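For the numbers below, each heavy atom of this structure counts, side chains included, while hydrogens, waters and symmetry mates do not. None of the values given here were measured: they were computed from a predicted structure.
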Amino acid sequence: MKLYGSTTSPFVRRIRIVLASIDHEFLNLQIFSGADRELLASRNPTLKVPCLEDGSEIIFDSRIIYNYLADKYQYEPLTWEAENQLTLIDAANDSFVQLLLLKRSDFDIAQEKFYFNLQSERIEGVLTSLSNQINKGLFSGWNYPEICLYSLVDWVLFRELHDMRDYPELLIFHEKHQDRIEVTATDPRIEY
C-alpha cells in the first residue's frame, strides 16, 4: 500500500495517523511542481492529496480513503453524527486551503470581497459549531472525527492561519492529543 501526499497537508496527515499501525509506504511529494507533480497526476487527475494505491486500487480523497480502509480493516462504521462532524471539519479545511492558496497567489484576502467573506463566515461558523460540540461532550475519544479535528486545528496553528484564542475548547482539545505517538510522528514541523 502506498500513500501519496505531503507532510504539511491536514488531509494527508489524518490518513497517515489512521495508517500508523498498518504497513504502508508514504511518498512525500512536492505537489506543485516537477517530477512529483507528474507522479501525482499519473495517479490522481484531480492533482490533490492524499491518494492511496493498494494493489490495483487507486483511491482519491481522504474521506473516501478512510471509508476504503474502514471497509478493508473492518473498522466500526461512522455514525451519521460523525459524518456530519466530518462535513464541518472538511468545510473549514477547504476554506482555509482556499484562502491560503489565494494569499500565496498574491491576493489580499483581507479585502471586503464576497468570496473572501464567504470563506471567513464559513470558518467562523464551523469553528463555533465544533467548539459547541466539544462543550457537549462530543470529540471525547480518538476516532476518525477526532483525528480529523486534531489535524485541522494543528494545521491552522502551524500555518498561523487564524487566531484560535476565541476557541479555547479547540485549543484544549489540541493540547489533550498533541503528545500521541502517531501525532508526533506526523508533525509537519519536523523535517523528514
Below 4.0 angstrom, N of the basic side chain to O of the carboxylate: do R13 and D154 qualify?
yes
CD (E160) with more than 12 external heavy atoms under 6.0 Å:
no
Looking at V156 and F96, what are the two nearest heavy atoms and their distance?
CG2-CE1, 3.5 Å
Got a donor-acceptor contact below 3.5 angstrom from the W155 side chain to the T8 backbone?
yes
Just by distance, do the side chain of N93 and the backbone of L152 share a donor-acceptor pair under 3.5 Å?
no
Are M164 and I172 in one and the same hydrophobic cluster, where Ile, Leu, Val, Met, Phe, Trp and Tyr link if side-chain heavy atoms are under 4.5 Å apart?
no
Flag for E169-H174: side-chain donor and acceptor within less than 3.5 Å:
no
Closest approach of P145 to L78 (non-hydrogen atoms, all atoms of both residues)
CD-CD2, 4.2 Å
Look at the side chain of S129 and the backbone N and O of G125, then say whether any donor-acceptor pair between them is shorter than 3.5 Å.
no
So, do T46 and D61 sit near enough that their side-chain heavy atoms are less than 4.5 Å apart?
no
Could you state the interatomic distance from OG (S95) to CG (L127), rounded to the nearest 0.5 Å?
10.0 Å
Atom CD of Q111: over 12 foreign heavy atoms under 6.0 Å
yes
If we only count heavy atoms from C-beta on, is the F116 to D108 side-chain gap below 4.5 Å?
no
With a 3.5 Å distance limit and no angle check, can you tell me whether R14 reaches the backbone of S151 through a side-chain donor-acceptor pair?
no
CD of E112 to CG of N117, rounded to nearest 0.5 Å, is 4.5 Å
Decide if atom CD of E83 counts as having more than 12 heavy atoms of other residues, nucleotides or ligands within a radius under 6.0 Å.
yes
Is it true that F60 and Y68 fall in one hydrophobic cluster, defined by side-chain heavy atoms closer than 4.5 Å?
no
Any donor-acceptor pair under 3.5 Å from T184 side chain to I181 backbone
yes
Would you check if L138 and I134 make a side-chain contact, meaning some heavy-atom pair closer than 4.5 Å?
no
Hydrophobic cluster identity match, L118 and L88, side-chain contacts under 4.5 Å
no
Applying ring pair (Phe, Tyr, Trp, His ring centres under 6.0 Å), which residue pairs with at least one partner in residues 5-30 are found, sequence neighbours left out?
none
Value rounded to 0.5 Å, distance of CG in L19 from CD in E25:
12.5 Å
Evaluate the criterion side-chain contact (heavy atoms from CB on, under 4.5 Å) for residue pair L47 and I31; output intermediate values, then yes/no.
CA-CA 8 Å; L47 295 172; I31 64 171; over 6 Å; no
About how many Å separate CD of E146 and OG of S140, when rounded to the nearest 0.5 Å?
6.5 Å
Looking only at heavy atoms, the pair that brings I58 and E53 closest together is CG1-CG, 4.1 Å
What pair of heavy atoms forms the shortest contact from I15 to P50, and how long is it?
CG1-CG, 4.1 Å
Could you tell me the separation between the CZ atom of R122 and the CD atom of Q98, rounded to the nearest 0.5 Å?
9.5 Å
Chi angles and distances behind the side-chain contact (heavy atoms from CB on, under 4.5 Å) call for T7, I190
CA-CA 9 Å; T7 58; I190 299 171; over 6 Å; no
Please enumerate all residues that pass side chain to side chain contact (heavy atoms under 4.5 Å, CB included) together with R180, with sequence neighbours excluded.
W142, H177, E182, V183
Salt-bridge criterion met for D54 and K72 (N-O under 4.0 Å)
yes
Correct closest heavy-atom pair for I89 and C148 would be CG2-O, 3.7 Å
Could you tell me if the side chain of Y75 sits less than 4.5 Å from the side chain of Y144, heavy atoms only?
no
Any H162 side-chain heavy atom under 4.5 Å of I123 side chain
yes
Decide if atom CD of Q30 counts as having more than 12 heavy atoms of other residues, nucleotides or ligands within a radius under 6.0 Å.
no
Please check if L161 and F107 belong to a single hydrophobic cluster, counting links between Ile, Leu, Val, Met, Phe, Trp and Tyr side chain heavy atoms closer than 4.5 Å.
yes
To the nearest 0.5 Å, what is the distance between CG on N84 and OG1 on T79?
8.5 Å
Is there a side-chain contact between L170 and L149 in this structure, where contact means two heavy atoms from C-beta onward sitting under 4.5 Å apart?
yes
Closest approach of M1 and Y73, non-hydrogen atoms and distance?
CE-OH, 3.1 Å
Mind running side-chain contact (heavy atoms from CB on, under 4.5 Å) on I147 and V18 for me, showing each step along the way?
CA-CA 8 Å; I147 290 167; V18 169; 4.2 Å; yes
Check whether F32 and L40 end up in the same hydrophobic cluster, where Ile, Leu, Val, Met, Phe, Trp and Tyr are linked by side-chain heavy atoms less than 4.5 Å apart.
yes
With a 6.0 Å cut-off (strictly less than), is the heavy-atom count around NZ of K176, excluding the residue itself, greater than 12?
yes
Take the angle between the ring planes of F173 and Y150 and call it parallel below 30°, perpendicular above 60°, tilted in between.
tilted
State, without any angle test, whether Y167 and E124 hold a side-chain donor-acceptor pair at a distance under 3.5 Å.
yes
Do T186 and R16 have side-chain N/O donor and acceptor atoms under 3.5 Å apart?
no
Basic-acidic side-chain contact under 4.0 Å: D90, R63:
yes
Begin with the C-alpha distance, continue with both residues' side-chain angles, and end with the deciding distance and a verdict on side-chain contact (heavy atoms from CB on, under 4.5 Å) for L52 and K2.
CA-CA 6 Å; L52 182 76; K2 293 181 184 177; over 6 Å; no
